[in-house]
K.L.:
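Quick one: the structure is below, questions incoming.
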Amino acid sequence: MFVVASLSILITMALALIRAMMGPTVFDRVLALNMFGTKTVLFICVYCFASGRTDFLDLALLYSLMNFIGMVALLRFSQIGSFGDNGQEARP
Amino acid sequence: MIAVDICILALLATTAVAVARIRNLWAAVMFTGIYSFLGASWMLILDAPDVAFTEAAVGAGISTVLMLATLALTSREEKPIKKFPVLPLLVVIVTGSALVYGTLDMPRFGDPTAPVHTRMDPGFIEKSEHDMHGEMPNVVTSVLASYRGYDTLGETTVIFTAGIAVLLILRKPPKRKTNAAFGQEQEGSHG
């Protein structure tokens with residue numbers, strides 16, 4: 001059952017990867033990356049329960065945090081165009 | 001679980017090819033993030049959660065942000081390649097085959113008779129508690145921070161230097177005309 005679950009998560013990952021490759025706009029790719037991170041968290045959880053080492057679940061927590069921070073950075077960059085001080089002035 | 005391993009390795013290879021092939025640098029940064037997530041999952045499958053932690057924090061988190069900050073200073077499109085690069089391809093193929101040839105001598109994954117499992121000096125585990133005055137129960141920490149402390153200090157120095165270099169590169173060029181308000185703002189942001 002765990003194998004089927006992880007395989008289906010991996011198929012979803014592959015679909016997200018295809019969208020990131022094809023994605024015409026930036027936002028398709030951002031969405032694909034975000035979805036990929038979420039699927040990684042799910043995959044780690046499923047793998048932890050499959051291998052019986054549930055102490056690895058901390059990793060899934062860290063991954064979701066990293067995913068969130070990276071996503072905020074990506075979106076901020078795509079809106080402003082830089083991380084510098086000038087960008088904050090140009091912010092609407 | 002072999003099917004899962006094959007799937008993850010195939011996804012890793014696909015992502016690596018995509019990073020190399022894609023011309024849009026913005027998308028390439030995103031693919032490196034995806035590669036980090038996949039690589040960290042692979043590390044987890046190989047029973048190396050500490051490496052997976054590092055890969056997640058550094059690969060997917062910090063390096064994506066640093067790459068984006070670099071993109072802010074350059075253009076977003078890679079220049080098109082005029083002719084097919086034959087020499088670099090040859091060099092990469094030769095180096096890759098040498099590396100693969102080097103792995104042929106390595107023991108199988110998880111082999112209990114591998115040197116790393118048999119040649120370990122048991123003195124570390126026996127003497128660790130006494131040497132650390134009984135205050136550090138984690139043997140890995142005592143090996144990292146005390147027995148090979150100078151090694152760790154060197155690694156930290158390398159990483160610190162690299163961090164300073166990256167900060168110097170990514171720093172905005174100093175403005176010539178500085179008024180009082182701008183100076184305060186600079187102090188506030190960099191101090």
Side-chain angles (χ1 to χ4, degrees), chain A residues 2-7 9-11 13-14 16-18 20-21 23 26 28-30 32-41 43-44 46-48 50-51 53 55-56 58-60 62-74 76-78 80-89, chain B residues 1-8 10-11 14-15 17-18 21-22 24 26-41 43-45 47 49-50 52-53 55-69 71-73 76 170-172 175 182 185-186 188-190:
Chain A
F2 284 124
V3 175
V4 175
S6 17
L7 279 183
I9 289 175
L10 281 170
I11 289 171
M13 277 179 170
L17 197 63
I18 291 171
M21 278 178 200
V26 164
D28 288 322
R29 293 193 163 123
V30 169
L33 179 62
N34 194 5
M35 185 173 156
F36 206 93
T38 317
K39 293 297 165 269
T40 312
V41 173
F43 176 76
I44 290 172
V46 169
Y47 189 80
C48 287
S51 62
R53 301 181 65 171
D55 45 337
F56 287 179
D58 295 346
L59 262 180
L62 176 79
Y63 275 40
S64 43
L65 287 177
M66 276 301 149
N67 200 14
F68 177 71
I69 293 173
M71 214 35 68
V72 167
L74 268 175
R76 188 180 142 85
F77 182 79
S78 63
I80 301 173
S82 80
F83 294 119
D85 299 342
N86 289 344
Q88 279 181 341
E89 290 161 13
Chain B
M1 292 306 257
I2 291 190
V4 175
D5 298 353
I6 292 174
C7 278
I8 283 211
L11 282 178
T14 318
T15 319
V17 171
R21 293 293 299 172
I22 207 156
N24 187 352
W26 172 278
V29 169
M30 255 166 235
F31 275 111
T32 54
I34 289 180
Y35 191 87
S36 292
F37 275 126
L38 275 173
S41 314
M43 292 296 171
L44 189 71
I45 288 178
D47 268 346
D50 47 343
F53 257 116
E55 180 71 39
V58 175
I62 306 298
S63 77
T64 308
V65 174
L66 283 180
M67 293 268 209
L68 283 177
L71 268 192
L73 300 177
R76 294 200 180 178
L170 293 184
R171 188 184 58 166
K172 283 192 306 181
K175 296 251 170 60
F182 186 73
E185 191 187 324
Q186 286 290 89
S189 60
H190 290 287

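First the proteins, then the strands, lettered A, B, ... as listed; each starts at 1. Computation of the quantities below employed the complete heavy-atom set of this structure, encompassing side-chain atoms and omitting hydrogens, waters and symmetry-equivalent molecules.
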K.L.:
Would you call A:Leu33 and B:Phe31 a side-chain contact if the rule is heavy atoms closer than 4.5 Å?
P.N.:
no
K.L.:
Using a cut-off of under 4.5 Å for heavy-atom pairs, which of B:Leu38, B:Asn24, B:Thr64, B:Val29 has the most such pairs with chain A?
P.N.:
B:Leu38
K.L.:
Which one of A:Val3, A:Leu65, A:Leu7 has the most heavy-atom pairs closer than 4.5 Å to chain B?
P.N.:
A:Leu7
K.L.:
Identify the two heavy atoms, one from A:Thr40 and one from B:Ser41, that lie closest to each other, and give their separation to 0.1 Å.
P.N.:
CG2-OG, 3.2 Å
K.L.:
Between atom NZ of A:Lys39 and atom CD1 of B:Ile34, what is the distance when rounded to the nearest 0.5 Å?
P.N.:
12.5 Å
K.L.:
Looking at A:Ala20, A:Ala14, A:Ser6, A:Ala16, which makes the most heavy-atom pairs under 4.5 Å with chain B?
P.N.:
A:Ala20
K.L.:
Can you say whether A:Ile69 sits under 4.5 Å from chain B via the side chain, the backbone, both, or neither, judging by heavy atoms?
P.N.:
neither
K.L.:
Below 4.5 Å from any heavy atom of chain B, which atoms of A:Val41 appear? Answer side chain, backbone, both or neither.
P.N.:
neither
K.L.:
Is A:Ala32 close to chain B through its backbone or its side chain, or both, or neither, when contacts mean heavy atoms under 4.5 Å?
P.N.:
neither
K.L.:
Quick one, B:Ile8 and A:Phe43 - any side-chain contact, counting heavy atoms below 4.5 Å?
P.N.:
yes
K.L.:
As an exercise: rank B:Leu44, B:Asp47, B:Leu11 by heavy-atom pairs under 4.5 Å with chain A and give me the winner.
P.N.:
B:Leu44
K.L.:
Starting at CZ of B:Phe37, measure out to CE of A:Met66 and round the result to the nearest 0.5 Å.
P.N.:
9.0 Å
K.L.:
Measure B:Ser36 against the heavy atoms of chain A and call it side chain, backbone, both or neither at under 4.5 Å.
P.N.:
neither
K.L.:
Which heavy atom of A:Leu62 sits nearest to which heavy atom of B:Phe53, and what is that distance?
P.N.:
CD2-CD2, 3.0 Å
K.L.:
At a 4.5 Å cut-off on heavy atoms, which part of B:Ala40 comes close to chain A: side chain, backbone, both, or neither?
P.N.:
both
K.L.:
Checking heavy atoms, do the side chain of B:Ile62, its backbone, both or neither come under 4.5 Å from chain A?
P.N.:
neither
